[in-house]
Amino acid sequence: MDDLKAKYLGQIAEAGDENALEAIRVSAVGKKGEVALKMRELGKMTPEERQVAGPALNALKDEINSALSAKKAALADVALDERLRTEWLDVTLPTRPRRQGSIHPVSQATEELTAIFAELGFSVAEGPRIETDWHNFDALNIPGHHPARAEMDTFYMHRAEGDERPPHVLRTHTSPVQIRSMEKQGAPIRIICPGGVYRADYDQTHTPMFHQVEGLAIDKDISMANLKWVLEEFVKAFFEVDDVELRFRASHFPFTEPSAEVDIRCSWDNGQLKIGEGDDWMEILGSGMVHPKVIAAGGIDPDVYQGFAFGIGIDRLAMLKYGIPDLRAFFDSDLRWLRHYGFAALDMPNLHGGLSR
Ligand code: PHE
């Protein structure tokens, strides 16, 4: 028995990992291990011999088991120490935000305007970019023959041969999200929806994919005055100045009545774009009181509820705020441009800390 004890305690001391330890356990105190075999021999002994051998075997078994668990704990400690040593990280090091790229001006502008509208009580809604022709047009009071469909330079999706349903479209504006949000949420409602939209158009201030933020506020007593106030507050907060000059122009959209387009005063000297000065105007948004037919298409009673909607060009806002003269460069993925106009990844815009510092 002393030999057994010396042999196994020695092996346990030598074991290098948990697998080796388990193999020792099986051959020593497992069901068919050496100690078990010795226990079986007890039956052949005289009662006197058994009285001595029995407790001694049990004691041996206990001793081996506790040596095994002590060694197991020691091995786990070693493994943990090893992990702590190799997975070490100095959390006090300063960050290197520029190493991982930068935030695109469109994303930055979107974060900024979301922060502003959140403060004004608007929550963020979303809708699909591949839209039904009904949501993009009909529900917004633009029936099949309406000239606005042609004006919008719509991209139509392909339909299988023989499929008579109207094709889906790449949404030409974020206005279909008005319908989807009213359907989902009912009234009262106060949402914005930022996102990509598509029109076949390409020049210094137009690209086939660009970004808008839709706004919608419906309740029992919302008026054009509320619309004007919200837009002025927004523009002042976004451009971080008190004296941006806005021009509200009477306009027409099938889905609002009355309607207004809003331009912002700017100059384009020597390819430099500046806001708040000069004799040029840049159109940044369309807006108006939501047409009763549109409210009804969203499943809300237009005799009880009314409100305003607007659609702002996010890329245009970014161009004006950051003085970027050509919209096409926004989507060229030119690294030099991105490094120049991009924003540090760790600065989250908010109204208290500052939007774009
Ligand atoms: N959807 C319009 C556009 O893309 C903008 C708009 C939205 C106008 C909401 C009025 C109300 O031009």
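These figures come from a predicted structure and were not determined experimentally. Every number for a ligand or one of its atoms is a count from 1 in the order of the listing.
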For Phe343 and Tyr322, I'd like to know if the aromatic rings sit close, meaning centre-to-centre distance below 6.0 Å. yes
Quick one: side-chain hydrogen bond (donor to acceptor under 3.5 Å, both in side chains) partners of Glu183, sequence neighbours excluded? His135
Verify whether the ring centers belonging to Phe330 and His211 lie closer than 6.0 Å. no
Using a 4.5 Å side-chain heavy-atom cut-off and chaining through intermediate ILVMFWY residues, the residues clustered with Leu80 come out as Leu84
Please enumerate all residues that pass salt bridge (charged side-chain N to carboxylate O under 4.0 Å, His left out) together with Lys5, with sequence neighbours excluded. Glu63
Among Asp133, Thr172, Thr154, which residue meets the side chain to side chain donor-acceptor pair (under 3.5 Å) test with Arg149? Asp133
For ligand 1, what is the set of protein residues having any non-hydrogen atom at a distance below 4.0 Å? His173, Ser175, Gln178, Arg199, Gln212, Glu214, Phe253, Phe255, Thr256, Gly286, Ser287, Ala309, Phe310, Gly311
